[in-house]
Structure formats: C-alpha cells, structure tokens
Amino acid sequence: MHKKLMLLAVAAAVAVLSQPPQVQAQAGDALSLTNQAITELTDFPAPGMRYTVDMTKLGGADVRQIKKAAGLLQDALAQAKSGGADKNAIHQLEMATAYAKATEHKEARLSAQGALYYLCKQAGNQPADVCDKAPKYGSYTAP
C-alpha cells in the first residue's frame, strides 16, 4: 500500500513538472507567430523620393500579406489561449486578428506589437532576438 502511494506521488510530481515546458513552448509559439505576423504587416521603408518599385516584393498593405498575417495571428491567438498567456496579450491578439480580417494592416500591426510586448513580458524577455525589437510600452493606438 505504501509503495503504491509513493509511486502515485512520484507520477503526480512528474506530471506537474512536465507541464510548464509545454505551456512555455505554447507561449513561445504564440510569440514567434506574432512576430512573423508583424513582419508580414510591416511596409517597406520609403527612402523619401521617387524610386523604382520592385514588383517581386510584397508590402504590408498588400491584401495577400494581410490575409496571411490574419492566419498567423489566429494561430497565435489559439496558442496564447491554450498556453495560458496574459489576458492583455490575448486581448491585443483578438483585436489584431479582427483588424487583419477587416484588412486594416496598420491597426493590426499596432495591436500585434502590443501583444508582442505582453508576450515578451510574460516570457521574461526571451528569446532575446525577438524581444529586443519589441516595443517598450503595451498600449498602442492607430495613427
């Protein structure tokens, strides 16, 4: 009887210890998907003068890019909800997804950047290559 209780306790401890990496992995997936969506929604920098447009590149205002980003944001939202992300990050991802589905790329990008801020804050600013580029404040408004 005592051995069964010890075995049950060890199994419960293993189950508890194995869960946080899965939750962290899901939060990391949401973070990387959000970062990819921001990249898709970002316009190319303008040099401030007339120049030849490269027709092979797609900018953030292109409808195909916005739809692609909407899918990425929808996946990030699902990962964030299942991974127990911060409620502010989930709210920002919901807004970003709604904006992207309405093909409003600037508002979607700003909301996604707000979500990235909260996801990085929850993950302890890891991975550093993504979170160093994250905005410094979590609330954004469209211009």
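These numbers come from the heavy atoms of this one structure, side chains and all, not from hydrogens, waters or symmetry mates.
A donor-acceptor pair is defined here as one N or O able to donate and one able to accept, closer than 3.5 Å; no such pair exists between the side chain of S111 and the backbone of A108. With hydrogens and angles disregarded, a donor-acceptor distance shorter than 3.5 Å links the side chain of Q122 to the backbone of D86.
For the pair V130/L116, a side-chain contact is recorded, criterion being any heavy-atom separation below 4.5 Å from C-beta on. Counting only heavy atoms from C-beta outward, the side chains of L119 and C131 never approach each other to under 4.5 Å. Side-chain contact check for Q79 versus Q74: every heavy-atom pair is 4.5 Å or farther apart.
Summarising the geometry, atom CG belonging to L77 is positioned 11.0 Å from atom CG belonging to L33; distances are rounded to the nearest 0.5 Å. Rounding to the nearest 0.5 angstrom, the gap separating the CD atom in Q65 from the CG atom in L72 is 10.0 Å. Here M95 contributes atom CE and L110 contributes atom CG; the two are 9.5 Å apart, rounded to the nearest 0.5 Å. Distance check: K101 NZ to L73 CG gives 10.0 Å after rounding to the nearest 0.5 Å. Taking CD from Q92 and OH from Y99, the interatomic distance works out to 9.0 Å, rounded to the nearest 0.5 Å. Here the CG atom belonging to N88 is positioned 9.5 Å from the OH atom belonging to Y117, to the nearest 0.5 angstrom.
Considering every non-hydrogen atom in both A76 and A30, the closest pair reads O-CB, 3.6 Å. The heavy-atom pair separating A112 from T34 by the smallest distance is O-CG2, 3.4 Å. Across all their heavy atoms, L31 and A123 have their closest contact at CD1-CB, 4.3 Å. Scanning all heavy atoms of the two residues, the minimum distance from L41 to R109 falls at CD1-N, 3.7 Å. Closest approach of A115 to L93, counting heavy atoms only: CB-CG, 3.7 Å.
In this structure, R64 does not pair ionically with E40, as no charged nitrogen and carboxylate oxygen lie closer than 4.0 Å.
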Q: Report the C-alpha separation of I38 and Q113 in whole Å, then their side-chain angles, then the decisive distance to 0.1 Å, and conclude whether the side-chain contact (heavy atoms from CB on, under 4.5 Å) test is met.
A: CA-CA 7 Å; I38 291 170; Q113 285 177 333; 3.8 Å; yes
